[in-house]
*Asks:* 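If you scroll down you'll find the structure; I have some questions about it.
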Amino acid sequence: MTPRRLLLLASVALLPLAAEAQTADTRAVRPGTRQPLLIPGKTTLFQRVILRPGATLHAQPGAAQGRPLAGFSVAHVYARRDGWIEIGREADGRVDGWVREDRAIDWRHAMVGAFTNPAGRERAMFLRDAASLRGLLTSPQIGPEAAALRAAAGQPGSPVLAMEPETFIDIQRNFYLLPILEAETVQRRDGTQMRMLEVISAPAELRQAPQQADPARLRDFRGAIVFVVDTTISMQPYIDRTRDAIRRIVGRIGDTAVRDNFRFGMVAYRADISARPQLEYVTRLVAAPDLSRPPAAILPALEGVRAATVSTEQFDEDAIAGLRVGLDQVDWPQFGGRYMVLITDAGALDATDPKSQTRLGIPEIRALADARGVALFTIHLLTPEGRANHAQARAQYTELTRAGAAGSLYFPVEGGSPQAFERVVNGLTNALFRQVADTVGRPVGGVEPARTPEAERIAQQVEIVATAMRLAYLGREGGTTAPDVVRSFVTDRDLADPTLAALDVRVLLTRNQLSDLSQALTRILDAGLAGRTDPRSFFGQLRAAFAATARDPQRLGNLARVGQALGEYLDGLPYQSQVMELTEQEWLAMGAAAQRELINGIEAKLRLYQEFAARPDLWVTLDGRPGGEAFFPVPLEALP
């Protein structure tokens, strides 16, 4: 016996009954019609259930004849009577009939699980009962005990029902539904917190799962490196050496078999030009990686890249604007290996800087890169001139380049000498190119192996990132799905190394809900800005703003914490939020600097939601058809 394959609720198998698998929206109810039952204690959230396999639909409770329903579909609950529930596909007042209550599972929150890339960590295990998982999470020998469970998976009596797939399932590219019924935070003795998740996972129809991707398909794997280069006045020696690194790899590709599998691109960036037009540009796409042209076609464009002839107004530059151009203007889906390398001697303008072109911060640009499956690297030149800026920039770029088991893909160049930079950029470029060549089974000679500790570190981290890219590629090519367990328990952390995430918890939000959340945050932002001169007026401004637009003004008139002004779909989620739990007393005790930081964070979240709303490629419909109700699986860390 082997542990069962993981099959997820793929969008193509959900059938029409799943079309409202997101949090209910009372605006969907037509005036004068019935509405689904509300969740007890809620004023806007409807009751929903997930139907078990074998559920049948009946005209009346207890009726003998019934027709089969698709298992694991999602429905709204309109009535409950004597062990039966009346259900409807949507919240618009139309009902379909009755099912036995024991053939349905309540789904109170629109929480779903999303696998992280398994490169560099152990595969997640789905256990039969909560007690087994809780005992494992609280054990001082969690690593060895998890290894023993993994080794015995599939044996009679094993509590392991299923294992995570070996390849990666990218929820942004191959949407699946892994509903979370309950989430509990377990505190370990060492202070580590791990979430214990009760989940449902199964196909809507019992059908033959697609075969895992044939590794031979890796022959078609393609990789791209886009350098995002600071081209301000001090950067010419580094521009030259970056160009040389690209030229060397292009020369080694030559007419070899790998020439069809690897391309370079470059984005140049500077800073705001309104006061200094001699800077010429804020961002410029020098060349996008182009598979329709030979690798050497990029070289003429690179020859025209020169450092600015005038200095910028401040030391920080608009690195985030450069990264955004690389994310937006490169056709990333055609590549399996997706790498962007930021090269700079300065920090990045943050979201609050009026000179920032994007008004996005480090967390927001990183979220957009994650959504596109692009790995971000930074080579940071620690020049003597930027000594006062180093610590701030290091913190920014360490956060920007976090990559799971690979750690932070941040490579500082002490002293900032062009010779030291040349070693780093060559080592990184060689390592990335070598990974793509090895992946497609077409190694190219003349690429130097790692010989120094610095080069070995780069090669090790690149190997983990490249493995993640391969697993994602194989998952997309092979149609990898999730385990065919009905109800099980899993943790969101890697059992071998609890510092690594195995599952991200996300919340399904419709466009209407994201719009409501944005409007609520706008009101909070406006109240915060209005109260800058008198912080004591903040909650009064907030109560007045929400009372004027709320369905229940009396409830918000007694607003005691900011979370009451946000959607009920955020209540009870397993995450700690400074904004949600903020009370008037805590606001006043924060001090002006902390208050300003909180308001700035809200403003950055608003811009991220605008990015989500403006990008159709990030939204999905559960039935896979265009024009349906679209929603976005928002990560917990992107919530206010």
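Residues take their numbers from the sequence shown, with the count starting at 1. What you are looking at is a predicted structure, and each value in this text was computed from that prediction instead of being measured. These values consider heavy atoms only, across backbone and side chains, with no hydrogens, waters or symmetry-generated copies.
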*Asks:* Measure the CE-CD distance between M196 and E184 for me, rounded to the nearest 0.5 Å.
*Replies:*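 With rounding to 0.5 Å, CE (M196) is 4.0 Å from CD (E184).
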
*Asks:* Grab the two heavy atoms, one from I298 and one from A287, that are nearest each other, plus how far apart they are.
*Replies:*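 In terms of heavy atoms, the two residues are closest at CG1-CB, 3.6 Å.
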
*Asks:* Do side-chain atoms of D345 reach the backbone of T383 as a donor and acceptor pair under 3.5 angstrom?
*Replies:*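 Not a single qualifying donor-acceptor pair exists.
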
*Asks:* So, applying side-chain contact (heavy atoms from CB on, under 4.5 Å) with E317, which one of D230, V282, D272, T231 is it?
*Replies:*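 Passing option: D230.
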
*Asks:* Are any of the side-chain nitrogens in R324 or D318 under 4.0 Å away from the carboxylate oxygens of its partner?
*Replies:*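 Between D318 and R324 there is no salt bridge, as every charged N stays at least 4.0 Å from the carboxylate O atoms.
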
*Asks:* Hey, mind stepping through L137 and L495 against side chain to side chain contact (heavy atoms under 4.5 Å, CB included) and telling me if it holds?
*Replies:* CA-CA 8 Å; L137 297 186; L495 291 167; 3.7 Å; yes

*Asks:* A321 and Q357: which non-hydrogen atoms are nearest, and at how many Å?
*Replies:*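 In this case the closest contact between A321 and Q357 is CB-OE1, 3.9 Å.
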
*Asks:* Take S515 and Q519, measure what side-chain hydrogen bond (donor to acceptor under 3.5 Å, both in side chains) needs, and give me the verdict at the end.
*Replies:* CA-CA 6 Å; S515 174; Q519 291 174 20; 3.3 Å; yes

*Asks:* Decide yes or no on side chain to side chain contact (heavy atoms under 4.5 Å, CB included) for R493 and Q193, but give the supporting numbers first.
*Replies:* CA-CA 9 Å; R493 313 303 295 179; Q193 288 189 339; over 6 Å; no

*Asks:* Please check this pair: side chain of Y609 against backbone of A638, looking for a donor-acceptor N/O pair closer than 3.5 Å.
*Replies:*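 Indeed, once roles are kept as given, a pair shorter than 3.5 Å links the two residues.
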
*Asks:* If you round to the nearest 0.5 Å, how far is CD1 of I180 from CG of L503?
*Replies:*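 One finds 7.0 Å between CG of L503 and CD1 of I180.
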
*Asks:* Which of these, Y410, F421, Y238, sits in a ring-ring contact (aromatic ring centres under 6.0 Å, His included) with H380?
*Replies:*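 Answer to the ring-ring contact (aromatic ring centres under 6.0 Å, His included) test with H380 among Y410, F421, Y238: Y410.
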
*Asks:* What residues form a ring pair (Phe, Tyr, Trp, His ring centres under 6.0 Å) with F264, not counting sequence neighbours?
*Replies:*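 Listed in chain order: F262.
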
*Asks:* If you measure from CZ on R121 to CG on L500, what distance do you get to the nearest 0.5 Å?
*Replies:*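 Separation between the atoms: 8.5 Å.
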
*Asks:* Just by modelled atom types, is the F335 backbone N or O under 3.5 Å from a matching donor or acceptor in the R222 side chain?
*Replies:*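 The answer is no, because no donor-acceptor pair under 3.5 Å joins these two groups.
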
*Asks:* Side chain to side chain contact (heavy atoms under 4.5 Å, CB included) between L349 and I320: does it pass, once the steps are laid out?
*Replies:* CA-CA 7 Å; L349 297 179; I320 291 175; over 6 Å; no

*Asks:* Find the distance between OG (S408) and CG (L400) and round it off to the nearest 0.5 Å.
*Replies:*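 Result: 8.0 Å between the selected atoms.
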
*Asks:* Quick check: closest heavy atoms across R263 and P295, and the distance to 0.1 Å?
*Replies:*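 In this case the closest contact between R263 and P295 is NH1-CG, 3.4 Å.
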
*Asks:* Checking D350 side chain against D353 main chain: does a donor-acceptor pair fall under 3.5 Å?
*Replies:*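 Yes.
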
*Asks:* Less than 4.0 angstrom from a charged side-chain N to a carboxylate O is my criterion; do D526 and R523 meet it?
*Replies:*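 Salt bridge between D526 and R523, a charged N being under 4.0 Å from a carboxylate O: no.
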
*Asks:* Donor-acceptor check, side chain of Q461 to backbone of A406, threshold 3.5 angstrom: yes or no?
*Replies:*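 Yes, Q461 side chain to A406 backbone: donor-acceptor pair under 3.5 Å.
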
*Asks:* In the structure I gave you, are the side-chain heavy atoms of M266 and L285 within less than 4.5 Å of one another anywhere?
*Replies:*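 No; the side chains remain at least 4.5 Å from each other.
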
*Asks:* Using modelled atom types only, decide if a donor and an acceptor are shared between the side chain of Q392 and the backbone of N389 within a distance under 3.5 Å.
*Replies:*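 Such a contact is absent between Q392 side chain and N389 backbone.
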
*Asks:* Any side-chain heavy atom of V330 within less than 4.5 Å of one from M340?
*Replies:*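 With C-beta onward as the side chain, the pair stays apart.
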
*Asks:* Between the main-chain N or O of A124 and the side-chain N or O of E164, is there a donor-acceptor pair closer than 3.5 Å?
*Replies:*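 Between the backbone of A124 and the side chain of E164 there is a qualifying donor-acceptor contact (under 3.5 Å).
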
*Asks:* Quick one: CG on L606 to CG on L517, what's the gap to the nearest 0.5 Å?
*Replies:*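 L606 atom CG to L517 atom CG measures 8.0 Å (nearest 0.5 Å).
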
*Asks:* Kindly indicate whether the side chain of D504, heavy atoms from C-beta on, has any atom under 4.5 Å from the side chain of P635.
*Replies:*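 A side-chain contact under 4.5 Å is absent here.
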
*Asks:* Apply salt bridge (Lys or Arg N to Asp or Glu O under 4.0 Å) to R372 and D328, showing your working.
*Replies:* CA-CA 10 Å; R372 286 163 173 74; D328 288 353; 3.7 Å; yes

*Asks:* Do the side chain of Q334 and the main chain of D331 share a donor and acceptor less than 3.5 angstrom apart?
*Replies:*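 Yes: the side chain of Q334 pairs with the backbone of D331.
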
*Asks:* Could you measure the distance from the CD atom of Q187 to the CE atom of M194? Nearest 0.5 Å is fine.
*Replies:*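 Reported to 0.5 Å precision, the distance equals 11.5 Å.
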
*Asks:* Any donor-acceptor pair under 3.5 Å linking the side chain of W332 with the backbone of G337?
*Replies:*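 It does not hold such a pair.
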
*Asks:* Please say whether more than 12 non-hydrogen atoms of neighbouring residues, nucleotides or ligands are located less than 6.0 Å from CD in E586.
*Replies:*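 Yes, CD of E586 has more than 12 neighbouring heavy atoms, counting only those of other groups under 6.0 Å.
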
*Asks:* Does the side chain to side chain contact (heavy atoms under 4.5 Å, CB included) test come out yes or no for Y269 and L342, once each step is laid out?
*Replies:* CA-CA 10 Å; Y269 74 90; L342 175 68; 3.6 Å; yes

*Asks:* Going by heavy atoms in the side chains, are V505 and R195 under 4.5 Å from each other?
*Replies:*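 Yes. Closest side-chain heavy atoms under 4.5 Å.
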
*Asks:* Do the non-hydrogen side-chain atoms of F411 and V425 ever get within less than 4.5 Å of each other?
*Replies:*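 Side chain of F411 against side chain of V425, heavy atoms only: no contact under 4.5 Å found.
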
*Asks:* Is it true that E637 and R506 have a side-chain N and a carboxylate O under 4.0 angstrom from each other?
*Replies:*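 So E637 does not pair with R506 through a salt bridge.
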
*Asks:* A side-chain contact here means heavy atoms from C-beta on lying under 4.5 Å apart; do L639 and V507 qualify?
*Replies:*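 Touching, per the 4.5 Å side-chain cut-off.
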
*Asks:* Would you find more than 12 non-hydrogen atoms of other residues, nucleotides or ligands less than 6.0 Å from E422 atom CD?
*Replies:*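 Yes - once you tally the heavy atoms of other residues, nucleotides and ligands closer than 6.0 Å, there are more than 12.
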
*Asks:* Taking side chain as C-beta onward, heavy atoms only, is I343 less than 4.5 Å from V341?
*Replies:*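 Yes - at least one pair of side-chain heavy atoms lies under 4.5 Å apart.
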
*Asks:* Taking the side chain as every heavy atom from C-beta outward, state whether L409 and L376 have any pair of such atoms under 4.5 Å apart.
*Replies:*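 They are not in contact (no side-chain heavy atoms under 4.5 Å apart), so the answer is no.
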
*Asks:* Would you call R276 and E313 a salt bridge, using N to O less than 4.0 angstrom?
*Replies:*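 Result for this pair is no, no salt bridge flagged.
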
